[in-house]
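Note on naming: letters A, B, ... go to the chains in the order of the sequence lines (proteins, then strands), and numbering restarts at 1 for each one.
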Amino acid sequence: MSNAEMVRLLEQYADLNEINGENSFKVRAYRNAAEAVASLGESVAARVEAGEPLTDVKGVGKEIAEKLTVMATTGRFPQLEDLAKKVPPSLIELTRVKGVGPKLVQSLWRTLGIASVAELEGAILAGKLAGLPGVGAKKLEAVQRGIEAYHRNVGRTRLGEVDFIVEPFLDKLRAVPGVVRLEVAGSYRRRRETVGDVDLLAATNADTASAAITHAFAAYPEVAEVLGSGETRSSVRLKNGIQVDLRVVPEDAFGAALLYFTGSKAHNVALRQVALDHALHLSEYGLFEGGADPDRPATPGSAGRRVAGRTEEEVYARLGLDGVPPELREDRGELVAAAAHALPDLITLADVRGDLHMHSTWSDGRATVVQMLEACAAKGYEYAALTDHSKALAMTGGLDEAKLARQWEELDEVLAEARPRSSEAPAGRAGVTLLRGMEVDILKDGTLDLSDEWLERLDIVLVSVHSHFELSQAEQTARVVKAVSHPQVNVLAHPTGRVLGERDPYAIDLAAVFEACLANGVAVEHNASYQRLDLSDVNLMAAKARGVTVTLGSDAHSVDQLATMRYGVDQLRRAWLTSADVLNARPLAEVRRFLRKGRG
DNA sequence: GCCGTTTTCGGCCCGACTGTTTTCAGTCG
């Protein structure tokens with residue numbers, strides 16, 4: 001059984017236990033264990049086979065280790081199967097409806113036999129919900145709104161699509177008088193590959209400004225519906241279905257609030273624990289001396305004297321920690337590293353010296369080679385690899401050997417013109433070295449869609465899977481391993497084939513693929529297109545752990561798409577990568593040395 | 001169920017908002 005499957009089952013077990021009214025700490029323990037497995041970076045099954053104890057994994061104790069072992073060896077989770085007989089798994093879907101939590105689900109199931117969103121809708125129409133304990137007219141309305149939102153917005157929105165919405169909204173709100181700070185927090189700030197709700201955080205210098213921004217927030221033209229509004233918190237749903245929350249906080253607590261609302265939840269929990277270890281108390285209002293007094297009402301500031309809170313750095317510093325970049329705040333060891341002053345010097349967009357994956361009008365790109373090169377020059381790149389598709393992708397106009405030869409004739413001309421032989425040389429693309437490459441299809445049997453002769457002539461050979469996604473894991477792994485073992489291959493592009501929100505990764509043993517890449521001097525790509533972002537952050541961490549070189553490619557099919565590089569850098573940062581881990585953060589000479597694999 | 005220079009029991013992050021209540025439970029983040 002794969003780690004992903006184990007994660008899914010552990011989460012399901014946690015959810016069902018929660019609905020069943022089980023001890024909330026036990027529920028959390030299973031969620032923590034699921035998270036631990038998800039970010040493990042190695043196969044649990046392999047670990048079990050090797051006899052390495054699972055209890056070494058933080059968050060996995062004796063009980064869960066046993067359950068994981070059973071899953072790994074038998075492919076089953078008997079306790080979950082038993083629980084599912086008492087609590088139907090379809091109830092989990094009900095808790096995804098906003099306004100419906102575990103307690104209400106339990107009540108719906110026990111008293112009315114409701115076990116699905118569809119049945120809930122039916123019961124509301126039939127007037128059966130009124131009279132249930134805790135359900136009045138307003139609650140009923142909230143549940144109905146929740147159901148509408150559920151249908152409209154199942155799943156999350158890709159980061160690159162949220163940007164288009166968020167940036168203009170921010171501009172509007174920043175213009176409100178009295179707003180001194182406005183930031184996006186949440187998973188958007190952590191640069192997760194997809195975003196659920198958008199969390200905005202504002203600091204104002206007067207109470208009147210706080211009312212003004214709340215008003216401007218609700219009055220934004222793209223707002224379809226105001227979901228809730230209070231003195232410090234408001235929520236709206238935009239016309240495209242995305243929910244946006246606004247919090248207004250005092251300026252001197254902005255850092256603590258930004259920290260808190262950026263999360264992740266796991267990071268916050270861990271950070272608060274660090275605060276407690278220092279006999280301090282952390283909330284979104286600041287870091288306080290003296291613990292909260294349980295006998296007094298928990299009003300802001302009642303917890304003691306504030307010792308930090310204006311900036312995030314101030315809070316971290318008071319806890320003896322270096323400032324943690326938002327991308328790392330996932331409770332994957334960043335606090336330990338911050339305490340040891342050992343956080344990685346994360347790669348930045350400015351470190352990227354070239355783009356190693358782009359298309360032109362020679363296959364399915366929309367811009368010519370010259371246009372792409374000029375755009376790369378404008379970005380200050382030292383080099384760029386032209387990597388059009390091969391002939392197997394007929395619909396993209398992929399290149400066969402004859403067409404590739406014609407492309408090279410054009411490249412000869414382009415390069416001759418670009419050479420600064422006189423003052424009339426086109427300044428635009430001067431300075432960008434073109435690497436002649438191709439994105440060659442991996443055929444079903446693992447052979448490559450281009451002759452060896454041409455593979456040898458290319459400066460850089462990317463290989464990738466664009467077909468036969470449904471092969472078994474063993475077949476897919478063997479296919480890809482065979483491809484990267486070809487002596488002329490340099491980069492395995494978008495290694496899992498996923499398309500966010502559209503297509504799951506195909507079944508493949510990445511550990512085996514990484515081993516083959518390492519043995520053959522092949523790099524794995526992080527495809528920076530925000531539809532793909534493949535490899536994922538967790539898989540990138542695993543690649544780095546095995547010593548595999550990573551490349552970054554925009555996979556641009558137009559000049560505009562070259563800019564998606566920033567989303568790729570986001571994910572590399574989330575994976576703790578530094579510029580030293582990334583091939584195209586190195587100077588051209590080093591890149592060439594890597595591509596030659598030590599040959600001539 | 002997990003964890004441990006407060007270790008094998010007794011903790012486990014914290015607060016806002018809403019609605020249904022008459023002092024609080026549920027939900028959310």
Q: Assign A:P102 to base, sugar-phosphate, or nothing according to its heavy-atom contacts below 4.0 angstrom with the strands shown.
A: sugar-phosphate

Q | A:H281 side-chain N/O to B:dG15 phosphate OP1/OP2 under 4.0 Å | A | yes

Q) Considering only B:dC14, B:dG1, B:dC3, which nucleotide approaches the side chain of A:K58 most closely? A) B:dC3

Q.
Check the phosphate of B:dA16 against A:Y285, side-chain N and O only, distance under 4.0 Å to OP1 or OP2. Yes or no?
A. yes

Q. Nearest-Å distance, CD (A:E284) to P (B:dC14)?
A. 11 Å

(Q) By the 4.0 Å heavy-atom rule, please label A:F261 as base, sugar-phosphate, or nothing. (A) nothing

Q: Determine the Euclidean distance between corresponding P atoms of B:dG15 and B:dT5; express it in Å to zero decimal places.
A: 26 Å

Q. Any chance the side chains of A:H526 and A:Q571 put a donor and an acceptor closer than 3.5 Å?
A. no

Q. How far, in whole Å, is B:dT20 from B:dA25 if one measures between their P atoms?
A. 16 Å

Q.
Categorize A:A137 for me: base, sugar-phosphate, or nothing, with a 4.0 angstrom heavy-atom threshold over every strand shown.
A. sugar-phosphate

(Q) Measure CZ/A:F288 against P/B:dC14 and give the value in whole Å, please. (A) 12 Å

Q | Position toward the 5' end of DNA chain B (nearest nucleotide), A:A142 or A:A65 | A | A:A65

Q | Nearest to side-chain heavy atoms of A:K103, which nucleotide of B:dC13, B:dC17, B:dG26 | A | B:dG26

Q: For A:S24, answer base if it contacts any base atom (sugar-phosphate contacts may also be present), sugar-phosphate if it contacts only those atoms, and nothing otherwise; contact means non-hydrogen atoms under 4.0 Å.
A: nothing

**Q.** Gap in Å between the two P atoms, one belonging to B:dT27 and one to B:dT21, rounded
**A.** 14 Å

Q: Would you tell me if any nitrogen or oxygen in the side chain of A:R28 comes within less than 4.0 Å of OP1 or OP2 on B:dC13?
A: yes

Q: Please report, rounded to the nearest Å, how far the C1' atom of B:dC13 is from the CZ atom of A:R31.
A: 15 Å

Q: Run the salt-bridge test on A:R318 and A:E314 with the 4.0 Å N-O cut-off and return the result as yes or no.
A: no

Q: Measure the spacing between CD of A:E18 and CZ of A:R31 and express it to the nearest 0.5 Å.
A: 4.5 Å

(Q) With rounding to the closest Å, how many angstrom separate the P atoms on B:dG26 and B:dT22? (A) 15 Å

(Q) Applying a 4.0 Å non-hydrogen cut-off, can you work out what A:G186 is touching in the nucleic acid: base, sugar-phosphate, or nothing? (A) nothing

**Q.** Rounded P spacing from B:dC13 to B:dC3 in Å
**A.** 14 Å

Q.
Need one value for A:V249: base, sugar-phosphate or nothing, where a base atom within 4.0 Å counts as base even if backbone is also close, heavy atoms only.
A. nothing

Q) Watson-Crick or G-U wobble partner for B:dA16, using a 3.5 Å limit on both distances? A) B:dT27

Q) A:L276 has an atom CG; how far is it from atom C1' of B:dC3, in whole Å? A) 15 Å

Q) Expressed in whole Å, how much space separates the C1' atoms belonging to B:dA16 and B:dT6? A) 32 Å

Q | Among B:dG29, B:dC12, B:dG19, the one nearest A:D245 by side-chain distance | A | B:dG29

Q. If the P atom of B:dT18 is compared with that of B:dC12, how far apart are they to the nearest Å?
A. 28 Å

Q) With a non-hydrogen cut-off below 4.0 angstrom, is A:L104 in contact with a base, only sugar-phosphate, or nothing? A) sugar-phosphate

Q. Could you state the NZ-C1' distance from A:K26 to B:dG10, rounded to the nearest angstrom?
A. 18 Å

Q: May I ask you to decide if A:D199's main-chain N or O and A:R189's side chain share a donor-acceptor pair within less than 3.5 Å?
A: no

Q) For A:Y188 and A:D163, does a side-chain donor sit closer than 3.5 Å to a side-chain acceptor? A) yes

Q: Spell out yes or no: do the side chain of A:N23 and the base of B:dG1 have one donor N/O and one acceptor N/O closer than 3.5 Å?
A: yes

Q: Identify whether any heavy atom of A:S234 sits under 4.0 Å from a base atom; if not, whether one sits that close to sugar-phosphate; answer base, sugar-phosphate or nothing.
A: nothing

Q: For A:V27, answer base if it contacts any base atom (sugar-phosphate contacts may also be present), sugar-phosphate if it contacts only those atoms, and nothing otherwise; contact means non-hydrogen atoms under 4.0 Å.
A: nothing

**Q.** Separation of atom NZ in A:K98 from atom C1' in B:dT18, rounded to whole Å
**A.** 15 Å

**Q.** Nucleotide nearest A:E63 when distance is taken to its side chain, options B:dC2, B:dA16, B:dC13
**A.** B:dC2

Q.
I need the NZ-C1' distance between A:K139 and B:dT21, as an integer number of Å.
A. 14 Å

Q. Does any N or O in the side chain of A:D570 come within less than 3.5 Å of the main-chain N or O of A:R192, such that one atom is a donor and the other an acceptor?
A. no

(Q) Using heavy-atom distances to pick each residue's nearest nucleotide on DNA chain B, tell me which of A:S283 and A:Y260 is more 5'. (A) A:S283

Q) How long is the line joining CZ of A:R145 and P of B:dC17, in whole Å? A) 16 Å

Q.
Closer than 4.0 angstrom, basic N to acidic O: yes or no for A:E193 and A:R498?
A. yes

Q) Given the P atoms of B:dC17 and B:dG10, what is the spacing between them in whole Å? A) 37 Å

Q | Cationic N near anionic O, under 4.0 Å, A:E81 to A:K85 | A | no

